[in-house]
Amino acid sequence: MYKFTEEQIMIRDMVREFTKNEVAPYDKAMDETFSFNMEVYQQIYSKLVETGLMGIHIPEQYGGGGGDAITSQIVVNELAKGSASIALYLDANWLASDMILVHGSDEQKQKYLPLAAAGKVFAFGLTEASAGSDAAGIKSIAAKQDDGSYILNGGKAWITNSGVADYYLIMAKTDPDAGARGISVFIVPKDAEGLTIGKFEHKMGMRGSATCELSFDNIRIPECDRVGREGLGFKVAMMALDGARISIGSIASGLSQHAMEIANERTTFGKPIKAYQGISFKFADMAAKVRAMDLMVWDTAEMKANGQRHSAEAAMLKLMSSKWCKEICDECIQVLGGNGYSAEFHVERLYRDAKLLEIGEGTSEIQRMVISGSVLG
Ligand code: COS
């Protein structure tokens, strides 16, 4: 088992306390408004900025916390014990800003990383209405102009953090005939002329995380806001997703523990539910799954921190943790009986949140493609 440093333990305890006091009490309210609850979001956001957690993954030289991939996962895992939506929000923010951290020019790092460290929000724009799993099939086009700038047209769908982000990292075709090798990444600020942000989507779960469509109408992007080499965007995006899929594992583990805690509070026939062997065995199975998720999270995060490629490992982690998390929420509803089916007792909400983990940042079917391609290759 990976051993946390003293500093990581301190951060874990701080985030645990923060989640208990500032995040968990609002998770139900964020769900109940059905559409995105901007008021609650802003309250949690300003507290997150105060703690410095928004930029904990950014190197100290840019004003961030200097935390490694394991520290980031500790934060996401603890937040997910109170709100999977808020954990997902941070995951998506870091997925996008990490592209600048890993692939950005020195100029981009100097300009954008201090902003990320100070709490500016980033969003990752890859998916389109007709290109989710088929990421290389996107239709948005960034046409190069004589002066070196680009004109962006098209649109995106299901973009996490849209409507609250300050900067969008947009993947678009710069060479429509070159398939995966014809995609580039661009930084688009929220107030760019020609950017329209749609209404907040009504979703089954994860309602505390903002999701909208984006549309691009002749947005001019200077060459200096292209991240990485022209044509390298697909790889940049896939590498970023490898990292973000670790966060999905952290969220799955945190969300599962949240559900188990609620189910464990039940009493029947005058006894705590755990006093019945049949029920305690369910908790044993759930605890074993949580440990397996955690081990995979810390192991894969360590690979990322060491700069090792972790595409298959992150896909394995995402595939299994999202499946187990949904099973655990289902089992916790069963333990709670009729109460489990009621919105009053929270776990039905967690079950709806859990479903997203099998879809976002690559469906379970995509994870199987990545894994089989790696192990059979
Ligand atoms: N890291 C680095 N490079 C990668 C990579 C990764 N994780 N994944 C792919 N690449 C590279 C390949 O090495 C290949 O490079 P070359 O052109 O130099 O050979 C290139 O990218 C194309 O790869 P590949 O041929 O495997 O791409 P496919 O079109 O077959 O797509 C899948 C592979 C389906 C796995 C990919 O499209 C995918 O992950 N889709 C899901 C995207 C997703 O998660 N969407 C959710 C929305 S974003 S929140």
Side-chain angles (χ1 to χ4, degrees), residues 69 76 84-85 87-99 102-103 122-140 154-162 165 168-185 201 203 206 209-214 227-249 251 300 303-304 307-319 321-322 355-377:
V76 172
S85 295
L88 184 72
Y89 158 75
L90 220 57
D91 156 41
N93 181 18
W94 292 348
L95 159 65
S97 55
D98 269 9
M99 293 169 103
V102 179
H103 300 278
F122 290 71
F124 175 85
L126 174 63
T127 301
E128 298 184 357
S130 56
S133 294
D134 175 20
I138 57 171
K139 298 270 186 298
S140 291
K156 297 284 165 187
W158 298 110
I159 302 307
T160 306
N161 291 352
S162 49
Y168 294 86
L169 275 283
I170 300 296
M171 273 53 73
K173 285 265 163 89
T174 37
D175 182 352
D177 300 324
R181 291 183 176 184
I183 294 173
S184 305
V185 185
E201 299 285 357
K203 299 179 295 183
M206 292 286 192
S209 142
T211 313
C212 307
E213 285 188 356
L214 305 174
V227 180
R229 282 206 324 269
E230 195 175 284
L232 207 72
F234 184 81
K235 284 191 193 184
V236 171
M238 290 303 117
M239 288 169 78
L241 282 170
D242 286 346
R245 287 169 186 162
I246 309 174
S247 300
I248 297 293
I251 297 173
T300 316
M303 289 178 78
K304 180 172 188 249
Q308 285 169 263
R309 185 160 174 180
H310 51 278
S311 310
E313 290 78 4
M316 288 174 186
L317 163 60
K318 184 179 187 294
L319 174 68
S321 63
S322 57
K355 180 60 201 169
L356 184 272
L357 304 178
E358 292 186 324
I359 299 170
E361 295 177 15
T363 60
S364 297
E365 291 70 28
I366 288 293
Q367 307 314 315
R368 291 187 177 99
M369 282 171 67
V370 174
I371 299 163
S372 58
S374 166
V375 299
L376 303 176

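Atoms within a ligand are numbered from 1 in the order they appear, just like the ligands themselves.
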So which bit of [X] gets within less than 4.0 Å of ligand 1, heavy atoms only: side chain, backbone, both or neither?
{"X": "L241", "value": "side chain"}
{"X": "F124", "value": "side chain"}
{"X": "S311", "value": "side chain"}
{"X": "V370", "value": "side chain"}

Any protein heavy atom nearer than 4.0 Å to atom 26 (O) of ligand 1: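 False for atom 26 (O) of ligand 1.
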Test item: protein heavy atom less than 4.0 Å from atom 23 (O) of ligand 1: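 Yes.
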Run down the list [options] and name the one with the heavy atom closest to [atom].
{"atom": "atom 16 (P) of ligand 1", "options": "R181, M171, M369", "value": "R181"}
{"atom": "atom 4 (C) of ligand 1", "options": "K318, M239, R309, E128", "value": "R309"}
{"atom": "atom 46 (C) of ligand 1", "options": "G373, A178, G362, G231", "value": "G362"}

Within-4.5 Å side-chain heavy-atom neighbours: H310 and R245: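 Of all side-chain heavy-atom pairs linking R245 with H310, none is under 4.5 Å.
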Side-chain touch M171/F124, heavy atoms, less than 4.5 angstrom: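 In short, these two side chains touch, coming nearer than 4.5 Å.
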G360 touching ligand 1 at heavy-atom level, < 4.0 angstrom: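 Checking ligand 1 against G360, which is what was asked, there is no heavy-atom contact under 4.0 Å.
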Any R245 heavy atom less than 4.0 Å from ligand 1: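 In this structure, R245 qualifies as a contact of ligand 1 - some heavy atom is under 4.0 Å.
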Suppose we measure from [atom] to each protein heavy atom; which comes out shortest, and what is that distance?
{"atom": "atom 39 (O) of ligand 1", "value": "M238 SD, 3.4 Å"}
{"atom": "atom 42 (C) of ligand 1", "value": "G132 O, 3.8 Å"}
{"atom": "atom 47 (C) of ligand 1", "value": "T127 OG1, 2.9 Å"}
{"atom": "atom 41 (C) of ligand 1", "value": "S133 O, 3.4 Å"}
{"atom": "atom 33 (C) of ligand 1", "value": "F234 CZ, 4.4 Å"}

Where do [X] and [Y] come nearest, in terms of heavy atoms and distance?
{"X": "G249", "Y": "S321", "value": "CA-OG, 3.4 Å"}
{"X": "Y168", "Y": "S162", "value": "OH-CA, 3.4 Å"}
{"X": "A312", "Y": "I371", "value": "O-CG1, 4.0 Å"}
{"X": "L126", "Y": "K156", "value": "O-NZ, 2.9 Å"}
{"X": "I359", "Y": "K318", "value": "N-NZ, 4.2 Å"}
{"X": "I159", "Y": "T127", "value": "CD1-O, 3.9 Å"}

Atoms in ligand 1 with a heavy atom of K235 nearer than 4.0 Å: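 So the answer, numbered in order with elements, is 3 (N), 11 (C), 15 (O), 16 (P), 18 (O), 21 (O).
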Atoms of ligand 1, numbered as shown, that sit under 4.0 Å from any heavy atom of D242: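 In order of numbering, the contacting atoms are 1 (N), 6 (C), 7 (N).
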Short side-chain donor-acceptor distance under 3.5 Å, T174 and S184: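 The answer is yes; a qualifying pair exists.
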Trace of the side chain to side chain contact (heavy atoms under 4.5 Å, CB included) decision for E128 with S140: CA-CA 8 Å; E128 298 184 357; S140 291; 2.8 Å; yes
M316 atom CE: more than 12 heavy-atom contacts under 6.0 Å: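 Yes, enclosed.
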